[in-house]
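What follows is a short report on a single structure.
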2 protein chains.
Amino acid sequence: MITKRVPSETIGRLFRYFRSLSCLLRKGEEIVSSKTLAEVCHIKPATVRKDLSYFGEFGTRGVGYDAASLINKIKKIIKLDKKINVALVGIGNIGRALLKHSTFELEGFKIVMAFDNSPSKIGDTVGNVMIEDAANIRERIESSGIHLVILAVPDYATSKVANVLQLAGAKSILSFSPCGLSMPADIQVTCIDLSVEMARLVYNSCVDYREKV
Amino acid sequence: MITKRVPSETIGRLFRYFRSLSCLLRKGEEIVSSKTLAEVCHIKPATVRKDLSYFGEFGTRGVGYDAASLINKIKKIIKLDKKINVALVGIGNIGRALLKHSTFELEGFKIVMAFDNSPSKIGDTVGNVMIEDAANIRERIESSGIHLVILAVPDYATSKVANVLQLAGAKSILSFSPCGLSMPADIQVTCIDLSVEMARLVYNSCVDYREKV
DNA sequence: CCTACTTTGTGATTGTGTTCACATTCACAT
DNA sequence: ATGTGAATGTGAACACAATCACAAAGTAGG
Ligand SMILES: NC(=O)c1ccc[n+]([C@@H]2O[C@H](COP(=O)([O-])OP(=O)(O)OC[C@H]3O[C@@H](n4cnc5c(N)ncnc54)[C@H](O)[C@@H]3O)[C@@H](O)[C@H]2O)c1
Ligand SMILES: NC(=O)c1ccc[n+]([C@@H]2O[C@H](COP(=O)([O-])OP(=O)(O)OC[C@H]3O[C@@H](n4cnc5c(N)ncnc54)[C@H](O)[C@@H]3O)[C@@H](O)[C@H]2O)c1
C-alpha cells in the first residue's frame, strides 16, 4: 500500500478544522472558503488547501467547501466518525479534572473507564465514571478493546503502568509525566509537559524583546 | 545584536537536559557525555551536541560535560537562573490541579498569584495561594511585574481575559482553551489542546498499523 | 613526546513542513 | 456559448530542523 506521506501537523490541524467548521455551521455558514477557515484558525489559506489535498478534492473551485459535508469527510479521515473510547489511569489532581471535563464528549472522545490504586479512591464515582482497581487494568482494557489511554499517575509509577498498558493491547498513550517512556514502535506516546512549554515561553519572550530593541 | 537563529525545539530540549542532568547529578554522575544524556532523553547524541553548540562550547573533548556546571549554563541560557513568578487565572478543574502541583517549584516556576471571578472561590486558599478577585487582575499583575500567566478559564471567557492580561503587561500566556487567541506579536501564546493530541494519536495508531500489515 | 583512544563541535546533507504562485475549474450573467 | 470573476488544487521554492560524518582537541599510558 502506497500512502502519500501526510505531515503529522496536518492531522492536528484537520481536527481544528473540524472544530471550527462545526462552529461556523452552527452560525449558519453553509459554504466556507479556505480563506474563511484560515482566518478562524489563524493560519494561511494555502495551508488549509494543502492539508485537505492530501486526502482528495473536497471543494468546488470558485465557490469553496460545503461545511457539512467537509466535516463528515474530515471525521472519516481522522477516524472520529465513531466515538473513541478512552481509559484514564491515575485519578489525582489532573485525572479528576479530566473526568469532570464535559467537552471531550462533544469532540468525539469518551472516558469510559478510570483506574487508581489507592483504596480510598477505588469505588468512588467522578463525573459519570466509577474508579476501578488498577490491579484490573490489563484484564479490563484488553477485554473492552480500548486503544487510547490517558496516564495521570505520579512520575515514579509512569513506566510501570505503561508496561501494563502495552500488555493490555493499548495502542496510544497520552501521558502527563515528563516522559522517559520507551515503548515499542507500535505504541504511540505523547507527553504533555507544561514546564517545557513555560520554559519556551519565557525564553522566547526574552529573545523577542531583545530583537526588537 | 546578531543572534544566530536557534530552533525553537532546541529550547524545549535544553529544559529537558536541565531536568535530566539534575537527576544524573543526584545519582552521583558528575561527568556526563552527550551519549549518556541522549540515552536518558531518548534522542541522538548529535542533537544534544548541536543544541548546546548554539550557545558556546561547554564540554571537554574526549571527556564530556561537567554536569553541575552545564546545569548552571543551561539555566542562564533559558533564563531560569532566577525563579519565574507565574500568575494563574481560572481556578476550576484544571486551575485547581495546577495549584496543587508541587513540582513546578523544583523546576524553577512558582505560582504566586491566582484569580477567579466566582464569589464563592475568591478568598479561598489552594496550595499556598489565596484566590483573588479577577477584577483586580490588571492592577495586581502590572504592579508585580509578572510576565507569564496561565489561563484556565472557560472557553467563552478566554479572549476577554487575554486582553486584560495584555493591558497588564503580560508577555506570555499558556492557555488551556482550544485557542482562537489573536494577540499582538509581542505576546507569546501557547495552547495546550488535549483533544488535538488525542486525535493525532488515534490517527497515527491506525495508519502505522496499516503500514505494517 | 608520541600513539591510541575518546568525545566534542560543526559544516554539509538530508528530511520534513510551509508557503508561493498559477493553471485549472466552476458558477453565473449576458 | 462564451466571458468574467472567484476559489481550488498543486508542483516548485523555500525555510526550518534532524542527522551524519569527520576534523579538532582533549586524556591516558608507555
Ligand atoms: N497536577 C498538575 O498540575 C500537573 C502538572 C504537570 C504535570 N503533572 C504530572 O501529571 C502526573 C499526575 O499528576 P497529579 O498532580 O494528578 O498527581 P497526583 O499525585 O495528584 O495523582 C496521582 C494519582 O495516581 C494514583 N496512582 C499512583 N500510583 C498508581 C498506580 N501504580 N496505578 C494507578 N494509579 C496510581 C494515585 O493514587 C493518585 O490518585 C504527574 O506525573 C505529574 O508530574 C501534573
Ligand atoms: N478540565 C479539563 O480536563 C480540560 C481539558 C481540556 C481543556 N480544558 C479547557 O481548560 C479550560 C478550563 O477548564 P476547566 O475544566 O478548569 O473549567 P472550569 O469551568 O472548571 O473552571 C473555570 C474557572 O474559571 C472561572 N472563571 C470564569 N470566568 C472567569 C473570568 N472572566 N475571570 C476569571 N475566572 C473566571 C470560573 O469561576 C471557574 O472557576 C477550558 O477552556 C477547557 O476547555 C479543560
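Proteins get letters first, then strands, A, B, ... in listed order; numbering begins at 1 in each.
- One interatomic measurement links the two molecules: CD1 of Ile31(B) to P of dT6(C), which rounds to 17 Å at whole-angstrom precision.
- In this entry the distance linking CZ of Phe58(B) with C1' of dA25(D) reads 17 Å, nearest Å.
- The NZ-P distance, from Lys35(B) to dT8(C), rounds to 10 Å in whole Å.
- Residues Ala199(A) and Ile11(B) share a closest heavy-atom pair of O-CG2, 4.4 Å.
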**Prompt:** Quick one: what's the B/S/- string for nucleotides 23-30 of chain C, heavy-atom cutoff under 4.0 Å, read 5' to 3'?
**Reply:** -BBBS---
**Asked** So Val48(B) and Tyr17(B), side chain to side chain contact (heavy atoms under 4.5 Å, CB included) or not? Walk me through it.
**Response** CA-CA 8 Å; Val48(B) 173; Tyr17(B) 301 158; 3.8 Å; yes
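- Distance CD1 (Ile11(B)) to P (dA17(D)): 10 Å, rounded to an integer number of Å.
- Atom NZ of Lys76(A) has 12 or fewer neighbouring heavy atoms from other residues, nucleotides or ligands inside a 6.0 Å radius.
- Whole-Å rounding puts the Glu9(B) CD to dA18(D) C1' distance at 11 Å.
- Among the nucleotides dC20(C), dA21(D), dG17(C), the one closest to any side-chain atom of Ala46(B) is dA21(D).
- Contact annotation: Thr47(B) does not reach the phosphate of dA18(D) (side-chain N/O to OP1 or OP2, under 4.0 Å).
- Within the structure, every side-chain polar atom (N or O) of Arg49(A) is placed at least 4.0 Å from both OP1 and OP2 of dT19(C).
- Using a 4.0 Å heavy-atom distance criterion, Lys50(A) is classed as a base contact.
- The CG atom of Leu14(B) sits 15 Å away from the C1' atom of dA18(D) (whole-angstrom rounding).
- Computed from coordinates, the Leu52(A) CG to dG17(C) P distance equals 17 Å when rounded to whole Å.
- One finds the CG atom of Leu151(B) at 11.5 Å from the CZ atom of Phe115(B) (value rounded to the nearest 0.5 Å).
- Projected onto DNA chain D by closest heavy-atom contact, Gly64(A) and Asp51(A) fall at different nucleotides, the more 5' of which corresponds to Gly64(A).
- Residue Phe176(A) comes nearest to Ala152(A) through the heavy atom pair CD1-CB, 4.4 Å, listed as atom of the first residue, atom of the second, then distance.
- The CG-P distance, from Leu70(B) to dT8(C), rounds to 11 Å in whole Å.
- Side chain to side chain, Ser205(A) and Gln188(B) fail the donor-acceptor criterion of an N or O pair below 3.5 Å.
- The environment of CD in Glu142(A) is crowded: more than 12 heavy-atom neighbours from other residues, nucleotides or ligands sit within 6.0 Å.
- Between dG15(C) and Arg5(A), no contact under 4.0 Å exists linking OP1 or OP2 to a side-chain N or O.
- At least one side-chain nitrogen or oxygen of Ser34(A) sits closer than 4.0 Å to the OP1 or OP2 atom of dT8(D).
- OP1 or OP2 of dG9(D) sits under 4.0 Å from a side-chain N or O of Tyr65(A).
- Among the nucleotides dT18(C), dG9(D), dC20(C), the one closest to the side chain of Glu57(A) is dG9(D).
- Sorted by first and then second residue, the salt bridge (Lys or Arg N to Asp or Glu O under 4.0 Å) pairs involving residues 38-51 of chain A (not counting sequence neighbours) are Arg13(A)-Asp51(A), Lys35(A)-Glu39(A).
- Across the strands present, dT18(C) finds its partner in dA13(D); the criterion is a Watson-Crick or G-U wobble pair with both atom distances under 3.5 angstrom.
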